[in-house]
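Structure first, then comments.
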Number of protein chains: 2
Amino acid sequence: MVSKRYPTSIEVARLAGVSQSAVSRTFTPGASVSARTREKVLAAAETLGFQPSLIPKIMLTDRSGLVALVVGGLENAFYARVVQSLAACLREAGNQIVLVPVDSDYTLDAVAARLAQYRVDAIVSALAVLSQDAAETLSASRIPVVSFNTPVTAARVGSVGSDNALGGRQAARLLHARDVRHPAFVAGPAISPASTERLTGFREALREAGRPEPRVGGSAYTYEGGAEAATQLCAEGPVDGIFCANDLCALGTIDALRRAGRRVPEDVRVIGYDDIPAAGWGGYDLTSFDQDVPALVEATLAMLARMSATDAAAGERVLIPPRLTERGSTRA
Amino acid sequence: MVSKRYPTSIEVARLAGVSQSAVSRTFTPGASVSARTREKVLAAAETLGFQPSLIPKIMLTDRSGLVALVVGGLENAFYARVVQSLAACLREAGNQIVLVPVDSDYTLDAVAARLAQYRVDAIVSALAVLSQDAAETLSASRIPVVSFNTPVTAARVGSVGSDNALGGRQAARLLHARDVRHPAFVAGPAISPASTERLTGFREALREAGRPEPRVGGSAYTYEGGAEAATQLCAEGPVDGIFCANDLCALGTIDALRRAGRRVPEDVRVIGYDDIPAAGWGGYDLTSFDQDVPALVEATLAMLARMSATDAAAGERVLIPPRLTERGSTRA
DNA sequence: TTGAAAGCGCTACCAG
DNA sequence: CTGGTAGCGCTTTCAA
């Protein structure tokens, strides 16, 4: 049997012996209904299993209460955490989350149109890489967009992220304090701004400290990518301190170093970024940067609020300072 | 400036000099419109930035194209993987995902009502623990529900999961083959059916093999929970083979064992469940059970399809056999 | 406090 | 192939 239609306010009204308007008012928080009417309505609604539909309201207001969350790899625990935190906060505000996992920019184009058709109120893009083209597509949908961790600029697009350059500088200073002579950087995808910014800060502070230029390897935000990069860096020359673009890379780096017979931290110090749970696991004990997810999420929601109220905040960028969490992988 | 309303088909019609119906037909896949009309309409739509709203259609059909996905801990990479896979398949079918992260059953009640108000077409519950009460709540919403990994029974609720008992039996046989004398089980939450079923199968096959009853510890699906349980099990008596309710527990178990000076696998063999990426990481090299996410997801979608077509499939339960992935933690 | 009526933007049906 | 018209289920005036 095909799904029966939902009961409507008219049916409830009929059963309760009141007008449809009375039913609507009963379910409208601040409306004026006599206790008697309300009671009759609630009873009728109960027996019919009536749940007022939100759909007509959306039609009336063009506001759906839906916020789209575009994400790349949820396999990175950092993003899993961001999604959960964002979802919890949005729910608090009475919004629902439409999750849109995306593999490549390609799929994003189709997605943006679909989201517009659902009249989502806002889009949060938590993609490690968001191309300018993709940003324009999103922007064209006339829906406010906050780009998480990728500093794109376009109309109606703002961005929030960790202060990656600052993190990079702190990493350099820590390795300097540990007297590292041969620093290296294990990068994420070449087009990832977060990776690039971390490297820039790292490089600058290394230079200021009078340390040599870091050698650079790697091109993926994955465990395997980190392992490969580390193996190669070791093969190419001396290394005694590695800053990795994220924790997943750093864990792969540590395992690859150990397979190559290098001890961490005695022979090589390693630093990651994100402070995912695995960083604290016994086998790794990885020093890392906590991006401060709660602050990031709060800034995102605040920006979204500003954007939907006015057109201000578009093009804005908010940076949250990361917090260094020192663990065994950089022990003196 | 408050968000301007979206352009409507009427405005497009006016600009194109055709009727509103013509606009509608232009955007309806199999409809009959002359090439000339279509062209005029598309041009007008383009200049106005028109995206036909899906909302009125929902009102007409009571089908939103939205599928709710209720999840607990996304920090477990297994669930992150399930979410991604489910999302990808649903999108293929033209559905959008509404993500509903939930901490406790408590929040679930409120959520079910809200989902009904959005007229979601189906609910997939990927909660490690779904109480009977919560299932009833969901069931009461008259929306088809598939419970992922929790065998609840209620009207309009079906379930799909890994064959946990089978996995438990295989784990026992593997430890038997390694001549384990003092088996133990690190459990998840006491009320988690998956954990209980895994233990049941483990126990049975151990008994059949003539091995002693396993000692049992633990009560959380987390790294820390596994570590604590292992520490306690070691303190209480001899252990040389541990089957853990999931991989997160197993990784905590391995680290705790090593901290206690026990070698894995030489002194203690360890088996997990889920086969998350970290299981393959060098530091752990954990033997585990792959739940076969693609098969699980396919079964879920098939069941959903059956349920929305008819009332059949309610109360049904589909089991997918897990696949053992042997790694170093159970080496001979 | 109540009920009647208009209208949100679309699809579906009808007559031309 | 086209344009007119009738709703879908609500919220929101407006009178009573």
Side-chain angles (χ1 to χ4, degrees), chain A residues 2-42 44-45 48-65 113-114 116-121 142, chain B residues 2-42 44-45 48-65 113-114 116-121 142:
Chain A
V2 182
S3 60
K4 210 167 43 255
R5 287 193 70 87
Y6 288 87
T8 72
S9 60
I10 297 191
E11 300 174 69
V12 174
R14 192 160 32 218
L15 179 58
V18 299
S19 74
Q20 182 272 334
S21 316
V23 178
S24 175
R25 282 193 283 263
T26 301
F27 286 92
T28 303
S32 65
V33 219
S34 69
R36 246 185 70 63
T37 303
R38 140 170 272 114
E39 214 162 306
K40 285 192 292 183
V41 169
L42 289 179
L48 259 35
F50 170 76
Q51 291 280 30
S53 171
L54 240 32
I55 309 301
K57 171 143 61 180
I58 300 177
M59 204 156 87
L60 256 7
T61 60
D62 268 9
R63 308 219 88 225
S64 61
R114 193 119 204 112
Q117 297 192 313
Y118 273 101
R119 302 305 190 232
V120 303
D121 297 342
R142 301 152 143 274
Chain B
V2 180
S3 60
K4 210 170 40 254
R5 287 194 71 87
Y6 288 89
T8 73
S9 60
I10 296 190
E11 300 173 68
V12 174
R14 191 161 29 218
L15 180 59
V18 298
S19 72
Q20 183 274 333
S21 315
V23 177
S24 175
R25 279 187 219 108
T26 302
F27 286 94
T28 303
S32 65
V33 217
S34 70
R36 245 187 72 61
T37 303
R38 138 169 273 113
E39 213 160 309
K40 284 192 293 185
V41 170
L42 289 179
L48 258 36
F50 170 76
Q51 290 280 29
S53 171
L54 242 29
I55 308 300
K57 169 139 68 178
I58 301 176
M59 204 157 85
L60 257 5
T61 60
D62 266 9
R63 311 217 85 229
S64 60
R114 194 118 204 113
Q117 297 193 311
Y118 273 102
R119 301 304 189 237
V120 302
D121 297 341
R142 300 151 144 274

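No hydrogens, no waters, no symmetry mates; every other heavy atom, side chains included, goes into these values. To find a chain, count down the sequence lines: A is the first, B the second, and so on, and within it residues start at 1.
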Nearest whole Å is fine: how far is [N] [atom2] from [X] [atom1]?
X	N	atom1	atom2	value
A:Arg36	C:dT1	CZ	P	15 Å
B:Glu11	C:dC8	CD	P	11 Å
B:Arg119	C:dC10	CZ	P	21 Å
B:Gln20	C:dA12	CD	C1'	11 Å
B:Leu54	C:dT11	CG	C1'	12 Å
B:Arg5	C:dG7	CZ	C1'	11 Å
A:Lys40	C:dT1	NZ	P	15 Å
B:Lys57	C:dC8	NZ	P	21 Å

>> Need to verify one output field. Residue with the more 5' nearest nucleotide on DNA chain D, B:Arg25 or A:Arg25?
In response: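 The 5'-side residue here is B:Arg25.
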> Toward the 5' end of DNA chain D, which comes first, B:Met59 or B:Gly17, by nearest nucleotide?
Replying inline: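 Comparing both residues, the 5'-ward one is B:Gly17.
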Would you mind classifying the nucleic acid contact of [X] as base, sugar-phosphate or nothing, using non-hydrogen atoms under 4.0 angstrom?
X	value
A:Ser24	base
B:Ser34	sugar-phosphate
A:Phe27	nothing
A:Val23	nothing
A:Ser21	base

> Reading DNA chain D 5' to 3', which nucleotide is the first, and which the last, to come under 4.0 Å of any heavy atom in chain A?
Replying inline: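 The contacted stretch runs from D:dC8 to D:dT12.
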> Is there a side-chain polar atom (N or O) of B:Thr8 under 4.0 Å from OP1 or OP2 of C:dG9?
Replying inline: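 Answer no for this pair, as no side-chain N or O of B:Thr8 is under 4.0 Å from OP1 or OP2.
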> Would you say a side-chain N or O of A:Thr61 is under 4.0 Å from OP1 or OP2 of C:dC8?
Replying inline: no
> With B:Val23, which of B:Val33, B:Val18, B:Thr37 fulfils side-chain contact (heavy atoms from CB on, under 4.5 Å)?
Replying inline: B:Val18
> Counting side-chain heavy atoms from C-beta on, which of C:dC8, C:dG3, C:dT2 comes nearest to A:Val18?
Replying inline: C:dG3
>> Can you see whether B:Tyr6 has A:Arg119 sitting over its ring - NZ or CZ less than 6.0 Å from the centre and within 45° of the normal?
In response: yes
> How large an angle, rounded to 10°, do the end axes of the helix from C:dT1-D:dA16 to C:dG16-D:dC1 enclose when each is built from five base pairs?
Replying inline: 40°
